[in-house]
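A quick write-up on the structure given underneath.
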There are 2 protein chains.
Amino acid sequence: MDRPYREAIEKLKTADLRPTRQRLALSRLLFAEGPRHVTAEALHDQAVEAGVRVSLATVYNTLHQFTRAGLLRQVVVDGSKTYFDTNTIDHHHFYHEVDGRLVDIPGEAVTVAGLPASPPGTEVVRVDVIVRLAGEGK
Amino acid sequence: MDRPYREAIEKLKTADLRPTRQRLALSRLLFAEGPRHVTAEALHDQAVEAGVRVSLATVYNTLHQFTRAGLLRQVVVDGSKTYFDTNTIDHHHFYHEVDGRLVDIPGEAVTVAGLPASPPGTEVVRVDVIVRLAGEGK
DNA sequence: GTGATTGCAAATCTTTTGCACTAAA
DNA sequence: TTTAGTGCAAAAGATTTGCAATCAC
């Protein structure tokens, strides 16, 4: 029983989610390497390719549960698809409009100045900065 | 023939769009008063209420044509709905997550500092700042 | 066992499309 | 006329839901 496996189980237990086969597999796909941005569809494809038997509905469920648990963050850049970001630390994004690719911009680097106070009775949940890019890029 | 009517016709002609009954009606609903944020559904409802006979498909077409012509701007804040903004000048948004309401933040007020250079071969189309709000608000 | 989780297929919601019909130039 | 624009209903895409079967505890 390797280390990442135990960690994955702990992670789920902490989030009050039963470490089922599907959740464990998705968790490992998501958090195995550095930060990534996935859509439900893409993660499902990746899981199937990796030989994990899981339904698309369960992928959707899992992504939302992970988001609720603070393990993922939703990024809205395109009306038609929902992206989930494994980087939950404060940061921003480059968005390549041509191919839909997202690239992180570290949060520490960026400063947003001059924002008006939030309306009375409201609270700022988050400030998102999205830099929309055109052109081929890398 | 009142002034706003002539202006509406001019606006459409300039955009190389035939001033049809539907486009004129939608144009007047959209630009009659100050800046607004609408969804296709909402604009269609408003049109129907106002006694304008227009189909939802035409509302979608028209919103996209107006956007292409630079008369509107698309705002992405929520995966499920597409908002169109009659304010095409550089600016940002408060987004009330509870009720989906959008409020403009003047562009001059805000400064975004520290953004990394855009990746080689790409060009910045636009920088969007979205301040997500929780709580009842006004 | 018992309640949480999963899978499947059907349902939903928003947006787009194909095409015959209508209207603008 | 001639071509652009419209309406309808069907199609498409992403996401959600209902419910019986299955799994974790």
Side-chain angles (χ1 to χ4, degrees), chain A residues 1 5-6 8-27 29 37-48 51-69 71-72 74-84 100 102, chain B residues 1 5-6 8-27 29 37-48 51-69 71-72 74-84 100 102:
Chain A
M1 204 183 252
Y5 187 69
R6 297 182 83 102
I9 290 187
E10 276 320 303
K11 198 168 206 166
L12 290 177
K13 283 197 172 161
T14 306
D16 254 313
L17 295 168
R18 286 189 184 174
T20 63
R21 176 175 61 74
Q22 292 84 338
R23 295 213 266 238
L24 276 170
L26 294 177
S27 172
L29 288 176
H37 305 94
V38 293
T39 60
E41 190 84 45
L43 182 59
H44 181 247
D45 289 353
Q46 198 196 340
V48 169
V52 178
R53 283 181 50 264
V54 62
S55 73
L56 183 56
T58 296
V59 173
Y60 272 106
N61 286 339
T62 303
L63 287 172
H64 285 135
Q65 290 154 353
F66 282 14
T67 300
R68 228 173 294 134
L71 269 38
L72 293 176
Q74 256 180 94
V75 183
V76 180
V77 280
D78 175 325
S80 62
K81 272 167 197 215
T82 302
Y83 289 80
F84 292 85
L102 273 172
Chain B
M1 205 185 249
Y5 187 70
R6 296 182 84 102
I9 290 186
E10 276 320 303
K11 199 169 208 167
L12 289 177
K13 284 198 172 161
T14 305
D16 254 312
L17 297 169
R18 286 189 184 173
T20 64
R21 176 174 61 74
Q22 292 84 339
R23 294 213 267 237
L24 276 171
L26 294 177
S27 172
L29 288 176
H37 306 93
V38 293
T39 61
E41 189 84 46
L43 182 59
H44 181 247
D45 289 352
Q46 198 196 338
V48 170
V52 178
R53 283 181 52 264
V54 61
S55 73
L56 183 55
T58 295
V59 172
Y60 272 106
N61 286 337
T62 304
L63 287 173
H64 286 135
Q65 291 154 352
F66 282 15
T67 301
R68 229 173 293 133
L71 270 38
L72 294 176
Q74 241 171 307
V75 183
V76 180
V77 281
D78 175 328
S80 60
K81 272 166 196 214
T82 302
Y83 289 79
F84 293 85
L102 274 172

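Residue numbering restarts at 1 for every chain, and letters A, B, ... go by the order of the sequence lines. All values derive from a computational prediction rather than experimental measurement.
- Atom C1' of nucleotide dG7(D) and atom OH of Tyr60(B) are separated by 15 Å, given to the nearest angstrom.
- The residue His64(B) sits close only to the backbone: its heavy atoms come under 4.0 Å of sugar-phosphate atoms, none of a base.
- A distance below 6.0 Å separates the ring centres of His64(B) and Phe84(B).
- In this structure, the CG atom of Leu24(A) is 10 Å from the P atom of dA24(D), given to the nearest Å.
- Between Arg53(B) atom CZ and dG7(D) atom P there is a gap of 7 Å when expressed in whole angstrom units.
- Here Thr82(A) lies in heavy-atom contact (under 4.0 Å) with sugar-phosphate atoms only.
- One interatomic measurement links the two molecules: CG of Asp78(B) to P of dT15(D), which rounds to 12 Å at whole-angstrom precision.
- Atom-to-atom distance recorded for Leu29(A):CG and His44(A):NE2 is 11.5 Å, nearest 0.5 angstrom.
- Taking atom CZ of Arg68(B) as the reference point, atom P of dA4(D) lies 14 Å away to the nearest angstrom.
- Contact annotation: Gln22(A) does not reach the phosphate of dC23(D) (side-chain N/O to OP1 or OP2, under 4.0 Å).
- The distance between atom CZ of Arg18(A) and atom P of dC25(D), rounded to the nearest whole Å, is 6 Å.
- Two residues, Tyr83(B) and Thr20(B), neighbour DNA chain C, and the one matched to the more 5' nucleotide by heavy-atom proximity is Tyr83(B).
- Under a 3.5 Å cut-off, the side chain of Tyr83(B) and the backbone N or O of Gly100(B) do form a donor-acceptor pair.
- Of the candidates Leu63(B), Asn61(B), Thr62(B), Leu63(B) is the only one forming a side-chain contact (heavy atoms from CB on, under 4.5 Å) with Val59(B).
- The distance from atom CZ of Arg23(B) to atom P of dG5(D) is 4 Å, rounded to the nearest whole Å.
- Here the P atom of nucleotide dA14(D) and the CG atom of Leu63(A) are 15 Å apart, to the nearest Å.
- With values rounded to the nearest 0.5 angstrom, Leu72(A) atom CG is found 11.0 Å from His37(A) atom NE2.
- Considering Asp16(B), Leu17(B), Ile9(B) in turn, Ile9(B) is the only one that fulfils the side-chain contact (heavy atoms from CB on, under 4.5 Å) rule with Lys13(B).
- Considering only heavy atoms from C-beta on, Lys11(A) stays 4.5 Å or farther from Thr14(A) through its side chain.
- On the nucleic acid side, DNA chain C has its first and last nucleotide under 4.0 Å of a heavy atom of chain A at dG3(C) to dC8(C), going 5' to 3'.
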